[in-house]
Amino acid sequence: MSTFDKLADKLMPVANAIGNQRHMQAIRNGLISILPLTIVGSFFVILLNIPIKGYMDFIAPWRDMLDVPFRFTVGLMSLYAAFTIGSFLGKSYKLNDITSGLLAMLATLLMIVPVNIKQGVTVAGEAVAGRYIPITSLSSQGLFGAIISSLIAIEIYRFIKVRNIEIKMPAGVPPVVASSFSALFPTLAVVLIFWIPRHFLNIDINAIISYIIMPLKGFMTGTNLFGGIVTQLFIDVFWVLGIHGHAVMGPLIRPLWDQAIVQNMELFQSGVSAYELPNIFTEQFFQWYAQMGGTGSTLALVVLFIRSRVIYLKQLGKLSLIPGLFNINEPMIFGAPIVMNPILAIPFILAPMVNTVVVYLFTISGLIPRMMVKPPFTLPAPLGALITTNWNLIACGLVFICFFISLAIYYPFFKVYEKKMLETELQQKEEEEQAKALAEAK
């Protein structure tokens, strides 16, 4: 048994345990479900920040109104995440998914203290007064609180449901009505459990969670180079072992990534320079630079395969080029294959880490800004880097530098692998010719 096989045997149970754990799955699926909202919200950030003076002057009178879609998509991401996470977790317990989502939202909202406004003005210039929920508490700042409150709310729901503590309606009552009445006690329990600590005991759960999570967030997504390398390393190693790296790491890192990019977006919208944003290692940083063409920066390997003397590798390279340009590389990972392949595994892990260091140095030296929007991951890397760095041409050019770095790292390993494949291809050809000769002789 090879070293890779032994390592896979040891890590596979752990990876499966994390990937299949119902709470982790609910978090991952819930956050992925709100991607359309954050992506559409990102487009409005781009729309509001096209660096052309005439254009900026033109939209100035409507700037506050144009900002509204961003505030009601990205600005409320914690509320949306609460619903989707609660819904997925409830469904895994065979509970009503709509009720689960609503209870998770209720728990999240109960952790917020409304503010009294005696005199205020809307975006449209209308005078307002009364009690309002501060939208800031439902943005990226409250994401981890929303996750925890959602999980707790659904566990409360399940606890009451399995003990049959519910109001049961007669058989002739429509299912929707019966389901609504059966959720009365879980709803009351969620209200009491979240309302009393926050509003009577003044326990700010969001603040406590933020305090606990802050060191990890700073390490994984802030400005810590070691944290960025560790994140990339784990994702790549899992893929090499045949385990979906993003699926395993997603429940752990995606909440941090989402919070980091949304924090950058909100600060950028408030007027902070893209060069002074707090988070470097967002998901977009890895997508456009460290994972160009997909995990492992395999677009460089695709180009090498296209030039290969091995028929199979050449065909695989041609088939993988278009998906690779849009950062989809499963054909390469499983077709080359890179999985359990000690020759190609080394550059697959090494190239993204080298690119991470190079781009980090460019960033901290002030040559390129930090990521400030979240476009779709399927954008070609140069365009993605251009958009997410507020149209910075150096950042766009840096993508090509990273590509050639990856090309240089992959090249010697590619030549070794190509030689091995040529020998195999030649042997197969000889065997086919011998078989054909024997068949003709008969």
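Side chains included, hydrogens not; waters and symmetry mates left out as well; all remaining heavy atoms used.
Phe377 CZ to Leu35 CG: the interatomic distance, rounded to the nearest 0.5 Å, is 9.0 Å. Once rounded to the nearest 0.5 Å, the distance linking OG of Ser273 with CG of Leu267 reads 11.5 Å. Rounding to the nearest 0.5 Å places CG of Asp236 at 7.0 Å from CG of Leu233. Atom-to-atom distance recorded for Phe414:CZ and Met421:CE is 10.5 Å, nearest 0.5 angstrom. From Ile306, atom CD1 reaches atom CG of Leu321 across 4.5 Å, with rounding to the nearest 0.5 Å.
No side-chain heavy atom of Leu407 sits under 4.5 Å from any side-chain heavy atom of Tyr411. Counting heavy atoms from C-beta outward, Glu283 and Ile261 have side chains that stay 4.5 Å or more apart. When side chains are defined from C-beta on, Pro352 does not count as touching Phe286, because their heavy atoms never get closer than 4.5 Å. Between Ile253 and Met220 there is a side-chain heavy-atom pair separated by less than 4.5 Å. The shortest side-chain heavy-atom distance between Arg198 and Ile203 does not fall under the 4.5 Å cut-off. Taking the side chain as every heavy atom from C-beta outward, Tyr410 and Thr298 approach each other to under 4.5 Å. Contact annotation: the side chain of Ile364 never approaches that of Thr223 to less than 4.5 Å [non-hydrogen atoms, C-beta and beyond]. The shortest side-chain heavy-atom distance between Phe403 and Val303 falls under the 4.5 Å cut-off.
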Show, in sequence, the C-alpha distance, side-chain angles and deciding distance for Val240 and Met340, and conclude whether the side chain to side chain contact (heavy atoms under 4.5 Å, CB included) test is met.
CA-CA 6 Å; Val240 166; Met340 297 295 181; over 6 Å; no
Residues Thr221, Thr282; criterion side chain to side chain contact (heavy atoms under 4.5 Å, CB included); working and verdict:
CA-CA 6 Å; Thr221 64; Thr282 62; 5.8 Å; no
Go through the steps to decide whether Asn327 and Gln287 satisfy the test side-chain hydrogen bond (donor to acceptor under 3.5 Å, both in side chains), and finish with yes or no.
CA-CA 8 Å; Asn327 306 307; Gln287 284 172 348; over 6 Å; no
Applying side-chain hydrogen bond (donor to acceptor under 3.5 Å, both in side chains), run through Ser406 and Asn355 and close with a yes or a no.
CA-CA 8 Å; Ser406 300; Asn355 287 338; 2.9 Å; yes
Set out, in order, the CA-CA distance, both residues' side-chain angles and the distance that settles side chain to side chain contact (heavy atoms under 4.5 Å, CB included) for Ile311 and Gln315, then state yes or no.
CA-CA 6 Å; Ile311 296 173; Gln315 290 175 340; 3.8 Å; yes
Under the criterion side-chain hydrogen bond (donor to acceptor under 3.5 Å, both in side chains), I'd like the reasoning laid out for Ser139 against Glu266: C-alpha separation, chi angles, the key distance, then a yes or no.
CA-CA 9 Å; Ser139 64; Glu266 290 171 341; 3.2 Å; yes
Let me see the working for Val310 and Tyr417 under side chain to side chain contact (heavy atoms under 4.5 Å, CB included), right down to the final yes or no.
CA-CA 10 Å; Val310 179; Tyr417 189 58; over 6 Å; no
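Residues Thr108 and Ser150 come closest through the heavy atom pair OG1-OG, 4.2 Å. A pairwise comparison of heavy atoms in Phe305 and Gly317 identifies CB-CA, 3.8 Å as the closest pair. Residues Gly41 and Phe70 approach most closely at O-CD1, 3.7 Å, considering heavy atoms. Residues Val359 and Cys402 approach most closely at CG2-SG, 3.5 Å, considering heavy atoms. Closest heavy-atom contact between Ala395 and Asn392: N-OD1, 2.8 Å. In terms of heavy-atom proximity, Ala336 sits nearest to Leu316 at N-CD2, 3.4 Å.
For residues 77-86, there are no side-chain hydrogen bond (donor to acceptor under 3.5 Å, both in side chains) pairs, not counting sequence neighbours. Sorted by first and then second residue, the pairs that involve residues 357-386 and meet side-chain hydrogen bond (donor to acceptor under 3.5 Å, both in side chains), not counting sequence neighbours, are Asp258-Lys374. Listed by first and then second residue, the salt bridge (Lys or Arg N to Asp or Glu O under 4.0 Å) pairs that reach into residues 414-423 are Arg309-Glu418, Lys415-Glu418, sequence neighbours excluded.
In this pair, His23 and Tyr93 present their aromatic rings perpendicular. The plane angle is above 60°, beyond the 30 to 60° band.
With Phe194 as the partner, the side chain to side chain contact (heavy atoms under 4.5 Å, CB included) test is satisfied by one option alone out of Ile156, Leu109, Leu106: Ile156.
Under the ring-ring contact (aromatic ring centres under 6.0 Å, His included) criterion, Phe404 pairs with no residue, sequence neighbours left out. With sequence neighbours left out, Trp62 forms a ring-ring contact (aromatic ring centres under 6.0 Å, His included) with Phe58. In terms of the ring-ring contact (aromatic ring centres under 6.0 Å, His included) criterion, residue partners of Phe285 (sequence neighbours excluded) are, by chain and number, Phe281, Tyr289.
Looking at Arg63 and Asp67, no side-chain N of the basic residue comes within less than 4.0 Å of a carboxylate O on the acidic one, giving no salt bridge.
Within the 3.5 Å criterion, the main-chain N or O of Thr99 finds a donor-acceptor partner in the side chain of Asn96. In this structure, the side chain of Ser87 does not engage the main chain of Phe83 through any donor-acceptor pair within 3.5 Å. The closest donor-acceptor contact from the side chain of Asn329 to the backbone of Leu299 lies at 3.5 Å or more, if one exists at all. Between the side chain of Tyr55 and the backbone N or O of Leu47 there is at least one donor-acceptor pair closer than 3.5 Å. Formation of a donor-acceptor pair under 3.5 Å by the Asn264 side chain with backbone atoms of Asn279 is found in this model.
With no hydrogens or angles considered, a side-chain donor-acceptor pair links Thr388 and Trp288 at under 3.5 Å. Side chains of Gln291 and Ser297: a donor-acceptor N/O pair is absent below 3.5 angstrom, by distance only.
No more than 12 heavy atoms of other residues, nucleotides or ligands lie within 6.0 Å of CZ in Phe159, so this atom counts as exposed by the packing criterion.
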